[in-house]
**Student:** 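Structure provided below as structure tokens; questions to follow.
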Amino acid sequence: MKKLLLTALMLCAGAGIFAQSKLNPTARFMIHQSKMYPSRNSGEARISALVKLNSSEDISAIQQAGVSVLSTKGQFAVISLPLEKAEEIAANPAVKAMSFGEQAQPVMDKARPASFVNKLQEGISNGFSQNYRGNGILLGMMDQGLDPNHINFYNKEKTENRIISLTTITEINSIRTDYTTPEEILKFGTENASDTHATHVAGIMGGSYDSEGIVAYIKYGNRVSVDSARTVPYYGVAPEALMYPCVGSLYNDNIVLAANLFAEKAKELGKPGVFNLSLGYVPGPHDGTDLVNEALAEIGKDIIICIAAGNDGTVPLSLQNDFATNPEVKTILSPSAESSWNGEVDTWSDNSNSFSMAFAMVNKSSGEITAKVDIPDFIPEGSAFYLSNDNAEGATHNSTFTSSFSADSYVYVTSGVNNNNNRFNITIMMYLKANGNSNVVPALIYTGSDGTKINSYASGGMTFTDNLNGSFAKGFTAGNPNQSINNIACGENVIVVGAYMTRTTWPVLSSQLMGYANYSEDQIGGIAPFTSYGDVNGKTLPEICAPGLGVVSSYSRYYVESQDIKDNGLAADVITTVNTPDGTTRNNPYGCEAGTSMATPYVTGTIALLLEADPTLKVEDVKELITSTAIPQNQTGTVATQWGAGKLNADEAMRKLLGKPSEIGNINADTNRRFAVSFHSGGVQAVVAGEKSLDARLYSLVGALVASGSGKGDSVEISTDSLPKGVYVLTVITSQGVKVSRTILLQ
């Protein structure tokens, strides 16, 4: 997971007075690139940007400045504008902050039983009044690599596609194309033949195909057989939900635009919506104040948004320091590829106090610093610090740098106090390629004063290390994964998901048993070590874990064809004529993937089942349901914060929602003893003695919400005037979130 890295940047060096920045670093890089290379950048070049306004009424001020508004939600807007007008718009008094250019990266047969989803899908046989399969719910996503006509997305009769609409949002200027009819979707193909991520993710949260296909399966021990008429077991969690996916370029403004479009579609259809983001990146403030965090938090008031924690739980890409105890910290940058460093280092103070950084070059044999270039603390928004080997005006040069790195290598820096959170920030983007005879590696030196702490994040495959040529380098500090959590997941009103292991081997169509070299069977049920984690404003993330290692789901046929994937890469295949425009057959392949990208849609689908039972649930309700009923985990040998509340238990979450006895004991026994129901003309009263407030919901026997009410104190009334006589389920929620239910008869 990483931000967009620009490959050619030239700026004037300069140290300036204190100034707060409305623009994110990537935007500043792009603006200055266009100034320094005007011949390469047409004045008509357009970009899309995410803007935070001082108030929602200020939208007219930027419209009058000549921008196109693509989407709005509260104080936030996604706009389209010429790149050359970006600084002007950012300077508008109506604009509090503006960002563009940041780009995220994308991160069931064993999975369903592991979290007891199968007990909801087969609900009647498990004591529920119905089978829960996502009926009446809308699922969405922003991702890439979608094959929307895969058989996994059709209804059970294989007559209609459950993807009812599809939007592509591509490029940095948010080129939007809507596909709204079955005919348009049928002819779509894919937006990215070199990826299958979206097809796999969508299959986990809402795949439905459970009929015959060519399936590899384990027959005896580790013996793999292939049956051409076997039932495909790799359907998803909410197989009857409708879907509205967005796919394309994963820039932050495109992500927010997709989420807002999905929320509007859910409202238009009158359906609860759950939106999946199996994507992200590490750099950023990790405090929920990035514009993408705040915009998603606003949209999350209307829909449920699930976000992947990230896959960097074993990677030393974060570095923390308290200058009160350690006034200087030095770290070496490990390469992103052999002898090259291509990425970003993003460092944040915990307040507006500045700190200093220097770019250093270290002899990789002796560990000695051979040269050091100081970086200005405050760089005005109109300029930047630029260390390079070229002759750009204002560039800083260093003889060791010149002899050690290629002619096109550079280090590019912006700094200042962020306007959105009042924290000091230094962002370094670099492209370094070692000369053939170079014995130098890059390092960073941070210095500061008492009262300031920093968090630094590396991306692009770079990490922080104290190692040179396999040996400890004295005086240097290594990084850690302690703040590896996806920055996009750090906001409010979202549910953050980690992964655990449900399988380490799987059969494929070549009759082989495939597996992960780094994991063994005895680790099944344990945390997936790659699960990112961190502390955000006093809370630990992720919040819940779901199956995410060895998950088999649908693959894009275009990806399989473009990558020439053979039978040793596929777990199943379905040949069908259902969804081809010309009536010919097509392949619908299935394959295995791992990541929090897989765990997140599993939770997304589970939430769809809960919403089917109670469409009124909000994000705080869902979060309480799934975390309070999660299966706590023994933390021995693992990082405690990786587990969150523990393993998702869909069955217990539904039982708590509906007030049914828990399979692990009646967790509501005390409240149940204090629960009393009385009837009067036109209504029913519920009392839970000693409570400060109560919410009540009345359901039909098929799980539909028919009436509700709230009350202060220990009683609540619900009007039943408009309801027919019959049997209903009354559920009461206490101020502590405990739910109890009774079956009642209205006469």
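Just so it is clear, the values below take in all heavy atoms, side chains as well, and ignore hydrogens, waters and symmetry mates. Remember, it's a predicted structure, so these values are computed and weren't measured experimentally.
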**Student:** Set out, in order, the CA-CA distance, both residues' side-chain angles and the distance that settles side chain to side chain donor-acceptor pair (under 3.5 Å) for Ser562 and Ser194, then state yes or no.
**Tutor:** CA-CA 6 Å; Ser562 72; Ser194 63; over 6 Å; no
**Student:** Do we see a donor-acceptor contact under 3.5 Å between the side chains of Thr402 and Asn389?
**Tutor:** yes
**Student:** Provide the closest heavy-atom pair for Trp348 versus Arg423 in the form atom of the first, atom of the second, distance.
**Tutor:** CB-NH2, 3.2 Å
**Student:** Under 4.5 Å between any side-chain heavy atoms of Lys330 and Val362, yes or no?
**Tutor:** no
**Student:** Compare all side-chain heavy atoms of Val292 with those of Glu102 and state whether any distance is below 4.5 angstrom.
**Tutor:** no
**Student:** Are more than 12 heavy atoms from other residues, nucleotides or ligands located less than 6.0 Å from atom NZ of Lys372?
**Tutor:** no
**Student:** What's the spacing between Asp450 CG and Asp322 CG if we round to 0.5 Å?
**Tutor:** 7.5 Å
**Student:** Stepwise, does the side-chain contact (heavy atoms from CB on, under 4.5 Å) test hold for Leu70 with Ser48?
**Tutor:** CA-CA 9 Å; Leu70 305 181; Ser48 293; 3.8 Å; yes
**Student:** Begin from the C-alpha positions of Asp374 and Ser356 and carry the test side chain to side chain donor-acceptor pair (under 3.5 Å) through to its verdict.
**Tutor:** CA-CA 8 Å; Asp374 292 324; Ser356 297; over 6 Å; no
**Student:** Please name the pair of heavy atoms, one in Ile488 and one in Ala104, separated by the smallest distance, quoted to 0.1 Å.
**Tutor:** CD1-CB, 4.1 Å
**Student:** Go through the steps for Met357 and Val413 under the test side-chain contact (heavy atoms from CB on, under 4.5 Å), then give the verdict.
**Tutor:** CA-CA 10 Å; Met357 287 183 69; Val413 188; over 6 Å; no
**Student:** Looking at side-chain heavy atoms only, is the closest gap between Ser68 and Arg46 below 4.5 Å?
**Tutor:** yes
**Student:** Any idea which heavy atoms bring Thr600 and Leu277 closest together, and the distance?
**Tutor:** CG2-O, 4.4 Å
**Student:** Quick one: does any side-chain atom of Lys433 pair with a main-chain N or O of Asp408 as donor and acceptor, under 3.5 Å?
**Tutor:** no
**Student:** Do Pro481 and Val315 come within less than 4.5 Å of each other through their side chains, counting heavy atoms only?
**Tutor:** no
**Student:** Rounded to the nearest 0.5 Å, what's the gap from CG on Leu317 to OG on Ser532? Could you check?
**Tutor:** 7.0 Å
**Student:** Got a sec, which residues hit salt bridge (charged side-chain N to carboxylate O under 4.0 Å, His left out) with Glu191, two or more places apart in sequence or on another chain?
**Tutor:** none
**Student:** Could you give the distance from CE (Met430) to CG (Leu333), rounded to the nearest 0.5 Å?
**Tutor:** 5.0 Å
**Student:** Any salt bridge linking Lys52 with Glu298? Criterion: basic side-chain nitrogen under 4.0 Å from a carboxylate oxygen.
**Tutor:** no
**Student:** So, does Asn486 use its side chain to make a donor-acceptor pair with the main chain of Ala308 at under 3.5 Å?
**Tutor:** yes
**Student:** Hey, could you give me each pair passing ring-ring contact (aromatic ring centres under 6.0 Å, His included) that has a residue in residues 325-347? Not counting sequence neighbours.
**Tutor:** none
**Student:** Can you tell me how the ring of Phe355 sits relative to the ring of Phe424, calling it parallel under 30°, perpendicular over 60° and tilted otherwise?
**Tutor:** perpendicular
**Student:** Mind running side-chain contact (heavy atoms from CB on, under 4.5 Å) on Leu50 and Tyr251 for me, showing each step along the way?
**Tutor:** CA-CA 10 Å; Leu50 178 58; Tyr251 294 100; over 6 Å; no
**Student:** State, with a plain yes or no, whether a side-chain heavy atom of Arg28 is found less than 4.5 Å away from one of Thr427.
**Tutor:** no
**Student:** Which word best sums up how the rings of Tyr519 and Tyr516 line up, parallel for under 30°, tilted for 30 to 60°, or perpendicular for over 60°?
**Tutor:** perpendicular
**Student:** Could you check Asn24 against Leu291 for side-chain contact (heavy atoms from CB on, under 4.5 Å), going step by step and ending with a plain yes or no?
**Tutor:** CA-CA 9 Å; Asn24 64 306; Leu291 294 196; over 6 Å; no
**Student:** Could you grab the distance from atom OG1 of Thr540 to atom CD1 of Ile485, nearest 0.5 Å is fine?
**Tutor:** 9.5 Å
**Student:** Measure the CG-OG distance between Asn398 and Ser388 for me, rounded to the nearest 0.5 Å.
**Tutor:** 11.0 Å
**Student:** I'd like to know if the side chain of Ser404 and the backbone of Phe401 have a donor-acceptor N/O pair within less than 3.5 Å.
**Tutor:** no
**Student:** May I ask you to test the Ile307-Leu296 pair for a side-chain heavy-atom distance under 4.5 Å?
**Tutor:** yes
**Student:** Under 3.5 Å, is there a donor-acceptor pair between the side chain of Asn321 and the main chain of Asn326?
**Tutor:** yes
**Student:** Short question: side chain of Asn92, backbone of Ile62 - any donor-acceptor pair under 3.5 Å?
**Tutor:** no
**Student:** Taking C-beta and beyond as the side chain, do Tyr446 and Phe323 meet within less than 4.5 Å on heavy atoms?
**Tutor:** yes
**Student:** Under 4.5 Å between any side-chain heavy atoms of Cys490 and Asp290, yes or no?
**Tutor:** no
**Student:** What's the spacing between Thr314 OG1 and Asn480 CG if we round to 0.5 Å?
**Tutor:** 12.0 Å
**Student:** Please check: side-chain N/O of Thr331 versus main-chain N/O of Ala478, any donor-acceptor pairing under 3.5 Å?
**Tutor:** no
**Student:** Would you check, one step at a time, whether the test side chain to side chain donor-acceptor pair (under 3.5 Å) holds for Ser456 with Thr347?
**Tutor:** CA-CA 4 Å; Ser456 192; Thr347 310; 2.7 Å; yes
**Student:** Of all heavy-atom pairs between Glu344 and Met462, which one has the smallest distance, and what is that distance?
**Tutor:** N-CE, 3.6 Å
**Student:** Can you pull the side-chain hydrogen bond (donor to acceptor under 3.5 Å, both in side chains) pairs that have at least one residue in residues 465-477, sequence neighbours excluded?
**Tutor:** none
